[in-house]
Amino acid sequence: MKVLITGGYGFIGSTVAERFHKEGYDVYIIDNMSSGSKKNINFKHKGYVLSVEDTKCEEVFRSNRFDAVIHLAAQVSVSVSLKNPYQDAQSNVLGLSNMLSLSSRYGARKFIFASSAAVYGLTEEVPILETSPFGPISPYGMNKMVGETYCSNWKEMYGLDTLCFRFSNVYGPRQGNSGEGGVVSIFMKQILENQEITVHGDGNQTRDFIYVEDIADALFRASYSSLDGVYNLSTCQENSINDLIRELQQLQGDAALIKYVPSREGDIYRSTLDNGRIMHALDWAPKYTLQSGLRKMYTWASEVKETKPVVKPIEEKPSMIRQKLKTALPYAENLLAFSAVYGLNEILERSDYAGMDFKLVYITIIGILYGSRQSMLAVLLSILLFIRQQTENGRDIVSLLYDSTLFFQLALYLFVGLVVGYSIERRTNRLNNAEQQLQQASDKYAFLYEVYEETRSVKDELHQQIITTEDSFGKIHTVTRELESLEPERIFLAAIGVLEKIMQTDQVTIYTVNKTKSYLRLAGCSAVDTLEFPRSLKADQHEYLMSLLYDKQLYVNKELNLEFPLLSAPVVSRGEVVAIVSLHAVEFYRFTLYYQNLFKTVVELISSSLSRAHTYIDAAASQRYVDPEEGRVLQTEAFMEILASKQAASEQFGVNYVLLPTGLKNVTSEIIERIHGSLRETDYLGMSADGELLMLLSNSTQSDVEHIVRRLRGQSVFLHLEEEPKYA
Ligand code: UDP
């Protein structure tokens, strides 16, 4: 079972993740680490550092099918939502809609959304029922309200099973206390550090404080329930801020310093959520009182305080210093270059080169090096220098204003500065953009590669499990591939090995059935030294055989009668029973209903392989037989294939056969008819490469050969037995 928890590194998310992990789920997390920390999770899981609105999240869904998606990732601060509604909507609306659409597209079974009591706003009613009207007073509350609508519509539109919980005030270990955390974590920190507690208002305002493990419990139960719609998730207990301080003081054993300041704007005075519906629907109840929950949180917070390293005064990080230097460097270099120009002017003023204007060179170089901002500064400095030079030559500033040369000079500086600066800046911007795009592409590639690697390793793991798990489909599939032959003899041979491996027994037999179903002939058996299976069976002498042949049902030796096999099943090819497969010994503890079903399945696989082979033989009669119409004499290739199977069966299982070269060539159809009529259905006639008629007698010995020779002689067919028969 797989669960995806968005915001899983946060304080609620990590507690929920822990619960699912303990219940045996594979936990996946999407978190952008804006407030969470990887340290919050210390068990095996898969985490992706992504924002929920990021399109890359699709890769996470594409490679996993989640049984539940618990959507906790959100912008959680009401004050941030007021200052930056765009940011709130980005996470709480776009993020949610992204998760919803991916969940429905990739078949998540359940989607649970963490809504909030903020959707009710300033209602006077306590406890607040789910039926109370909406009245959000912040973008945060508004977006949660929109989120609930999204969830219910997604169920209508795409059939995604959605459920929304309006959390009351959640508290517990790992809760942030940076000032944006809830009042419990803020006070807990202040009490532990003997700081003054600031109460907004008179402290008689109430809240419904719920311990985070109770939240995790409800979410877990809901994840496999059929519940949908919107529910309050709360304790329905009203505690004031002053009650909270009292409880904390008791834990600490000291009186805290309390400062009362004016109420926060828009603060709700009384708030508690009715939880009757969820308690009934989920058979859930909060286990923690405010006292017991705070005690657990206090123990955690005290431990964290003890292990916390001493915080050193914040030193400016080297990277920040480097950043500042980087910003200041162009100005410094610009001023340096200007000083050089100034110095040069001073030196050359009274020389032959007095007319040379290095300012243009200076503006151009600075523009090329640093772009428009520095080139404009260079223009400004050059103009000032120019004016200074003019006034030094005895001209007053007012007269300069009427001098067109001055304006021409200024325009020239400005023009060069602008053209060089902006064209260089454009080029730099283009380069930066390309670099940024490259960076984004390589980030995306790295992410996709990570997902790909992970998917591949999961696939390999699964593949390995399938192959190695006993009786898994994978194993059965791998083993039964040996049955993929188009030659019935090969299939019989392979069937013995397949049955031995899958059924874990070393006593398997296969008897082929003659056309009239009167007798059966041993086609193959396990090589057991101590046992000798009869070479043929008369059907009417064994009741169990009759039912197998005629009812085509599985035979189970429930009486454990030693004369019969333990399990037998008919091999059916194209509706006819062509063979009977039996298991003669099975370890007792294996002899279960499951084992019987497995046996039936494997025999059905053998049957289907055989049907396929027979269909092939019919279709390929012209290539298989010398006389395709009658189908009595096999072509050399087909005959040799069967002979090879017989040899293998003899080597593996000790099943005898005889290859009898008849010494007859160019035999008439009438003689062939006579010879064919004298053979059993399990024997074969074939043509050798040099045109000699060959006989292959299944499961036979020398006495069978003598018997056949005698029988043929009685029908005036005389074999020329010049070559010795080959016995195996
Ligand atoms: N509160 C307080 N001092 C603080 C933080 C909060 O008195 O340092 C009050 C706050 O004014 C509010 C109550 O505690 O009345 C709960 O505040 P919180 O932000 O935890 O939850 P919310 O108001 O969103 O339910």
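Ligands are counted one by one from 1 in listed order, and the atoms in each one are counted from 1 as well. Bear in mind that the values here come from a model prediction, so they are computed numbers and not experimental data.
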Q: Measure from atom 2 (C) of ligand 1 to every heavy atom in Glu265, Lys259, Gln205, His200 and give the option owning the shortest one.
A: His200
Q) Do Asn84 side-chain atoms and Gln87 backbone N/O form a donor-acceptor pair below 3.5 Å? A) yes
Q) Which ligand 1 atoms are under 4.0 Å away from a heavy-atom of Gly182? A) 20 (O)
(Q) Measuring only between side-chain heavy atoms, which start at C-beta, is Glu124 closer than 4.5 Å to Arg270? (A) no
Q: Show your working on side chain to side chain contact (heavy atoms under 4.5 Å, CB included) between Phe66 and Tyr106 and close with a plain yes or no.
A: CA-CA 8 Å; Phe66 295 112; Tyr106 292 100; over 6 Å; no
**Q.** Proximity winner for atom 13 (C) of ligand 1, if only heavy atoms of Asp202, Ile241, Leu244, Ile258 are counted
**A.** Ile241
Q.
Could you tell me, atom by atom, which parts of ligand 1 come under 4.0 Å of a heavy atom of Asp267?
A. 10 (C), 11 (O), 12 (C), 15 (O), 23 (O)
Q. Which atoms of ligand 1 have any heavy atom of Asn169 under 4.0 Å away?
A. 21 (O), 22 (P), 25 (O)
Q) Is any side-chain N of the basic residue among Asp26 and Lys2 closer than 4.0 Å to the acidic one's carboxylate O? A) no
Q) Regarding Asn232 and Asp274, is there a side-chain donor-to-acceptor distance under 3.5 Å anywhere? A) no
**Q.** Candidates Asn169, Asn239, Thr235, Asn275 - the one meeting side-chain hydrogen bond (donor to acceptor under 3.5 Å, both in side chains) with Asp208
**A.** Thr235
Q: State if Val78 counts as touching ligand 1 under the rule of any non-hydrogen atom under 4.0 Å.
A: no
Q: Between Thr198, Ile197, Asn242, Val183, flag the one that comes closest to atom 5 (C) of ligand 1 by a heavy atom.
A: Val183
